Each structure stands twice: as C-alpha cells, then as structure tokens.
Amino acid sequence: MYYICSVVEPIVVMERTVSLKGSCEIYVGSTETILPRVLPRRRVVVITDANIDRLYPDLVRRFDYVVIGHGESSKTLVTVQKVYRRFMELGVDRSTFVLGIGGGIVTDVAGFVASTYMRGLDFGFISTTLLGQVDASVGGKNGVNLNDYKNMIGTFTQPCFVISDVGMLRTLPLRELRAGMAEVIKTAVIGDRELFEYLETHSAETFFDNPETMCNVVWSCVSIKAGIVERDEREADTRRLLNLGHTMAHAIEKCAHEINHGEAVAMGIAMICDAAVKGGMLAAPDRDRIHALLEKTGFTLTAPVPTARLLREIAKDKKRSGGIINAVFPTGIGSCRVVGLTLDEFSALMG
Ligand code: GLY
C-alpha cells in the first residue's frame with residue numbers, strides 16, 4: 001500500500017542546512033531547488049534503483065544512470081562489480097561526479113562504489129526514504145554485506161552533499177515510512193527528549209500528512225546524528241550510541257527475513273529497554289513510555305524468533321570482534337550510554 005500514490009510534484013518547504021566534517025552539506029528541502037545549486041558543473045552519473053527510475057524518470061534520466069536491484073539482497077560485492085563494469089563501459093573517470101538517488105541500500109552502494117572506483121570519485125546523495133534521510137545517508141558510512149554479515153566491507157567517506165527531500169516520502173509505501181520511524185524514535189531516545197514528547201503527542205499520520213512537520217522531524221534527526229558524527233566519525237566511542245537496538249535487530253533480520261530493518265530496530269529497542277530496566281539503568285516508567293511510543297507507531301515489540309536463537313547469532317558475530325559487545329542502554333528519555341559487555345553478561349541481561 002502506498003501512503004499517497006504518484007504525487008511527485010515538488011513541495012514547498014523551508015530549506016534547512018547543516019555542515020558535517022567541513023566537507024558535507026546536508027539539506028532538508030526540495031531537490032528541484034537545491035540540486036541545481038549544489039551539483040558540480042561536470043559529468044554526473046546516477047546510481048539508483050528501479051522504483052526511483054519509475055517514479056522520477058525526469059530526474060534520473062537527465063544523466064547517464066545505472067540501476068541496481070532492490071532490497072538488502074542487492075547490497076553485495078556482486079552488485080558493486082556490476083556497477084564498476086558499467087562505469088567502465090560509460091567511460092566514467094576521476095572527474096565524474098556520482099549521484100546516488102534512493103534509500104539506504106542505494107546510498108550505501110553508491111557511496112562505496114564512488115569511494116573506491118579509481119581510488120575515489122566525488123559523490124552526493126538524494127535520499128528518498130525516511131530511513132535513509134534520518135540515518136543511512138548521513139554520516140559517511142558506505143558499504144555492503146558479506147555473506148550473512150551486515151556492512152562488513154565499506155569505507156568512511158563523506159559525500160559532498162545529501163539532499164533529504166521530504167516531498168519524495170509521499171511515494172513511499174506506508175510500511176517503509178513506518179520503518180523509518182523506528183530510526184526517528186531511536187534518535188529521540190538517544191538525544192532528543194523534546195522530539196520524543198512531540199512523537200508521543202502526535203499520531204504518525206499527522207506528520208506523514210504535513211510536509212513542514214516531516215521536515216522538522218527529519219531535521220531534528222539529521223542535526224542530532226550530524227552532531228554525533230562530527231565528534232566521532234569512525235565510531236571509536238560516541239557514534240556507537242547510534243546503534244541503539246541494532247545488536248538484536250541485526251540478529252532478528254538474519255533469522256526472520258520477512259522483518260525489515262526498521263521493524264527489527266523497533267523490536268531491538270524494546271528488548272534493550274527491558275534489559276536496561278533489569279540492569280538498573282532505566283526506570284520502568286521510562287521503558288513503558290518507549291514501548292508505548294513504538295506500539296503507537298504500529299510496531300510489534302516481540303521478535304518472531306526466541307531470544308536464545310538471537311543470542312546464538314550474536315555469539316557467532318562476536319567471535320570475529322574480540323568477544324565484547326558495545327551495548328547501548330537507554331538511561332532515560334533522551335539519554336543513553338554504551339557499556340562493553342561479554343557475551344555472557346549481555347545474555348544474562350537479555351534473557
Ligand atoms: N547507522 C549508524 C551510524 O551511522 O553510525
């Protein structure tokens with residue numbers, strides 16, 4: 001089901017900008033007004049997926065373009081190689097600018113291709129999904145999965161710009177829009193009590209309907225994420241906060257392929273809140289508020305897989321990383337802390 005089908009005209013919203021690492025400008029606004037100003041005056045090649053090509057052909061086909069497959073199963077080195085080969089056929093060289101147009105999968109792949117082809121080309125993104133706008137496209141992480149392991153191969157390279165076009169959210173299926181809300185709620189729990197309270201008092205539909213409000217929500221998340229990445233681009237400490245709910249979420253996604261990333265993150269946040277209460281880090285009423293907001297947004301909080309199986313998946317993962325899990329625990333609404341735990345300690349809290 002599409003929230004509003006085939007409304008693709010640009011919308012008029014107040015544009016907002018934030019600079020990241022002195023080299024990446026993040027815009028929340030409309031592509032049609034921002035892109036002509038920010039695109040360099042040189043050859044541009046687009047990487048996108050078939051949905052975006054179908055919905056926005058006038059945007060995609062004004063450049064040479066490469067279409068990649070849809071969904072997490074396309075986030076592989078096989079896709080990357082196909083794009084490299086297509087780049088060679090198109091005669092892409094170091095002076096070419098790569099423009100990724102799409103959600104998190106497209107921007108992760110486009111950023112990785114651009115930052116490695118011929119040792120690196122300049123690139124930018126038009127982020128078209130809520131999940132991409134509030135998380136995946138911001139912060140310079142690019143990469144692909146390897147076998148079952150998420151984001152195993154990649155780079156930290158900042159795009160020159162990210163345009164988060166909230167008008168494009170109008171063509172997003174409702175399930176995808178909700179999936180993005182999991183990352184919005186995550187961001188609010190990490191560091192924005194005011195945003196959390198706003199989400200508590202407004203139904204998701206209220207702001208899905210209103211571009212100006214959507215802009216504010218996206219903007220709040222982008223500002224918080226940019227602030228965190230500014231302090232810790234390579235995830236040595238503070239950036240780990242952005243992984244709230246993600247340890248369990250990645251295990252859920254591996255075991256239950258029908259669950260999308262946002263849905264798994266919502267379950268992961270719910271579970272880690274329970275663990276935080278059990279470990280004496282979070283007051284039960286705050287846990288209840290976080291659970292209630294996730295449920296109000298339409299998420300199921302219980303994973304469709306027993307916790308013991310999820311912990312076995314996490315154990316497999318941890319063998320590769322020295323056995324320590326940097327678990328993120330909420331300590332209140334708008335504050336979290338990272339605790340390094342052994343698998344046994346983590347399992348005791350989660351079980
Ligand atoms: N999505 C987590 C991060 O960008 O660090």
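If you're wondering where the values come from, they're calculated on a predicted model, not measured in any experiment. As the structure lists them, so they are numbered: ligands from 1, and atoms in each ligand from 1.
When hydrophobic clusters are built by joining Ile, Leu, Val, Met, Phe, Trp and Tyr residues whose side-chain heavy atoms come closer than 4.5 Å, directly or via intermediates, Ile185 is grouped together with Leu244.
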(request) Let me see the working for Phe63 and Phe97 under ring pair (Phe, Tyr, Trp, His ring centres under 6.0 Å), right down to the final yes or no. (result) CA-CA 11 Å; Phe63 309 103; Phe97 188 86; 9.5 Å; no

(request) Carefully, step by step, assess Met168 and Ile126 under the rule side-chain contact (heavy atoms from CB on, under 4.5 Å). (result) CA-CA 10 Å; Met168 286 173 146; Ile126 300 174; 3.9 Å; yes

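Residues Arg16 and Glu212 are paired through a salt bridge, judged by an N-O separation under 4.0 Å between the basic side chain and the carboxylate.
Taking a heavy-atom cut-off of under 4.0 Å, ligand 1 is surrounded by Asp135, Lys141, Lys225, Glu235, Arg239, Leu242, Asn243.
Ring planes of His202 and Tyr198: parallel class, angle under 30° (limits at 30 and 60°).
Counting non-hydrogen atoms of neighbouring residues, nucleotides and ligands closer than 6.0 angstrom, the CD atom of Glu194 reaches no more than 12 such neighbours.
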